[in-house]
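The structure appears right after this line, and notes come after that.
Just so it is clear: chains get the letters A, B, ... in the order the sequence lines come, proteins before strands, and each one is counted from 1.
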Protein chains: 2
Amino acid sequence: MTHILDETDRAILRSLQIDAAQSVDDISAKVHLSRNACWRRIKAMEQSGVITGRVALVDPAKVGAPLTAMVLIRTNAHDAKWMAEFQTTLRSLPEVVGAYRMTGDLDYVLRVRVADVPAYDNFYKRLTSRISVSDISASFVMEEIKDTTAVPL
Amino acid sequence: MTHILDETDRAILRSLQIDAAQSVDDISAKVHLSRNACWRRIKAMEQSGVITGRVALVDPAKVGAPLTAMVLIRTNAHDAKWMAEFQTTLRSLPEVVGAYRMTGDLDYVLRVRVADVPAYDNFYKRLTSRISVSDISASFVMEEIKDTTAVPL
DNA sequence: GGTGAAAGACATCCCAC
DNA sequence: GTGGGATGTCTTTCACC
């Protein structure tokens, strides 16, 4: 099922990860391929799931969510029921843009986008009222040095 | 400069954050607007920087970077020179997909994408050879419960 | 804000190699 | 697998209500 990618495929992906609005003509010129061969490779990678989609990126600061919090969570409930509830809760909260179950002494890390600190507090209350955690702490992002959707290739 | 967004603009953004490949016709139907008015709004939001770009999303597991590490860094060097070097280093390392300066007792958090644990170790060595940090610890993502580029609207 | 129309650019598919 | 050419769809810009 997994497509084997050659250097040309990777070049196409690198280009599309930076800008998905460019035409197939432009990409084919960059990777030294005909419009057609290039188009077929892109379609194949969409089909095989290498390319999962194309999305528009929105400036969080300009739509009222300039603050990002990293939330570190420890829990003592590790049963399946608790985990299912926890996951459902996280998926239903739009402020949560990332949620990861971790190795080590951290159990979960969340990335949360909110308007300001009071909005985070409001989110915090909604989260903790729906699920029980033994330890939760938040750090706020002061500066985004790097934040990219581009996977290293 | 900041565009004031009404509910229709937000509906357009919500749709484009999920799928940027759909035609203006489809979007205009969803938000109950003419093709033309819809197109003008999208262009205006691109112009004003609300929409920062359109990118293709690539499945990390299918291109050889299935492992994500969260790296927590503490430092005792807070001078401008060190910070500039640190930032340049992070930006030049493609494995680093996110780098954030934080509040609280964490100084920096990195999101790093690599092939496996040995690849992380290799990255770790390259990083620490180029910049000095007082404390660095990594946790690996076992499960991605949620990971979205969509800003809450 | 809406309509319609017209230009060109573009994606898409079929063919031959 | 590659490239060429035909076709229809979409974007983009116009003038106008």
Side-chain angles (χ1 to χ4, degrees), chain A residues 1-60 62-64 148-153, chain B residues 1-65 148-153:
Chain A
M1 206 53 215
T2 305
H3 218 93
I4 292 151
L5 304 170
D6 62 15
E7 197 33 56
T8 307
D9 289 320
R10 288 174 186 274
I12 293 171
L13 287 178
R14 255 181 254 118
S15 193
L16 280 176
Q17 280 196 128
I18 295 165
D19 182 11
Q22 63 191 319
S23 71
V24 178
D25 265 355
D26 292 343
I27 300 167
S28 62
K30 282 181 198 162
V31 300
H32 311 295
L33 220 61
S34 76
R35 171 183 24 251
N36 225 315
C38 192
W39 180 81
R40 257 181 273 112
R41 279 166 184 261
I42 294 170
K43 285 295 141 188
M45 290 193 285
E46 283 173 349
Q47 202 73 37
S48 65
V50 173
I51 295 172
T52 54
R54 291 146 190 263
V55 298
L57 299 180
V58 172
D59 184 342
K62 293 201 172 160
V63 294
T148 178
T149 56
V151 176
L153 286 171
Chain B
M1 206 54 219
T2 306
H3 220 91
I4 292 150
L5 305 169
D6 62 15
E7 196 34 57
T8 306
D9 289 319
R10 286 173 187 277
I12 293 170
L13 288 178
R14 254 180 255 120
S15 194
L16 281 176
Q17 281 196 130
I18 296 166
D19 181 12
Q22 62 192 319
S23 71
V24 178
D25 265 355
D26 292 343
I27 300 167
S28 61
K30 283 181 196 157
V31 302
H32 311 294
L33 218 61
S34 74
R35 177 189 20 252
N36 228 318
C38 191
W39 182 83
R40 275 193 292 258
R41 279 167 183 261
I42 293 170
K43 284 295 142 189
M45 289 192 287
E46 283 173 348
Q47 201 74 36
S48 64
V50 173
I51 296 172
T52 54
R54 291 147 192 263
V55 298
L57 300 179
V58 172
D59 185 342
K62 295 202 170 156
V63 294
T148 178
T149 56
V151 175
L153 287 171

(message) Whether the side chain of Q22(B) engages the backbone of S15(B) through a donor-acceptor N/O pair (distance < 3.5 Å, no angle test) should be reported.
(response) yes

(message) Using a 3.5 Å limit on both distances, find every run of at least three consecutive Watson-Crick or G-U pairs that involves DNA chain D.
(response) C:3-6 with D:12-15, C:8-17 with D:1-10

(request) Taking all heavy atoms of Q17(B) and all of T149(B), pick out the closest pair and write down the distance. (result) OE1-O, 3.9 Å

(request) Decide yes or no for D26(B) and D19(B): does some side-chain heavy atom of the first lie under 4.5 Å from some side-chain heavy atom of the second? (result) no

(request) List the atom of A56(A), the atom of A20(B), and the distance in Å for their closest heavy-atom pair. (result) N-CB, 3.4 Å

(request) Sequence neighbours left out, what passes side chain to side chain donor-acceptor pair (under 3.5 Å) with D25(A)? Give chain and number order. (result) R35(A)

(request) Return the minimal non-hydrogen interatomic distance between A11(B) and V31(B), and the atom names on each side. (result) CB-CG1, 3.6 Å

(request) Check every nucleotide of DNA chain C for an atom under 4.0 Å from a heavy-atom of chain B, then give the first and the last such nucleotide from 5' to 3'. (result) dG1(C) to dG4(C)

(message) Both C38(B) and R40(A) contact DNA chain C. Which one's nearest nucleotide lies toward the 5' end?
(response) C38(B)

(message) D9(B): which residues meet the salt bridge (charged side-chain N to carboxylate O under 4.0 Å, His left out) condition with it, sequence neighbours left out?
(response) R41(B)

(request) Using modelled atom types only, decide if a donor and an acceptor are shared between the side chain of T52(B) and the backbone of L57(A) within a distance under 3.5 Å. (result) yes

(message) Using a 4.0 Å heavy-atom cut-off to protein, can you give one letter per nucleotide of nucleotides 7-12 of chain D, 5' to 3': B if the base is in contact, S if only the sugar-phosphate is, - if neither?
(response) ---SSS

(message) Do L5(B) and K62(A) have side chains that approach each other closer than 4.5 Å (heavy atoms only, starting at C-beta)?
(response) no

(request) Could you pull out all residues at least two apart from K43(A) that satisfy salt bridge (charged side-chain N to carboxylate O under 4.0 Å, His left out)? (result) E46(A)

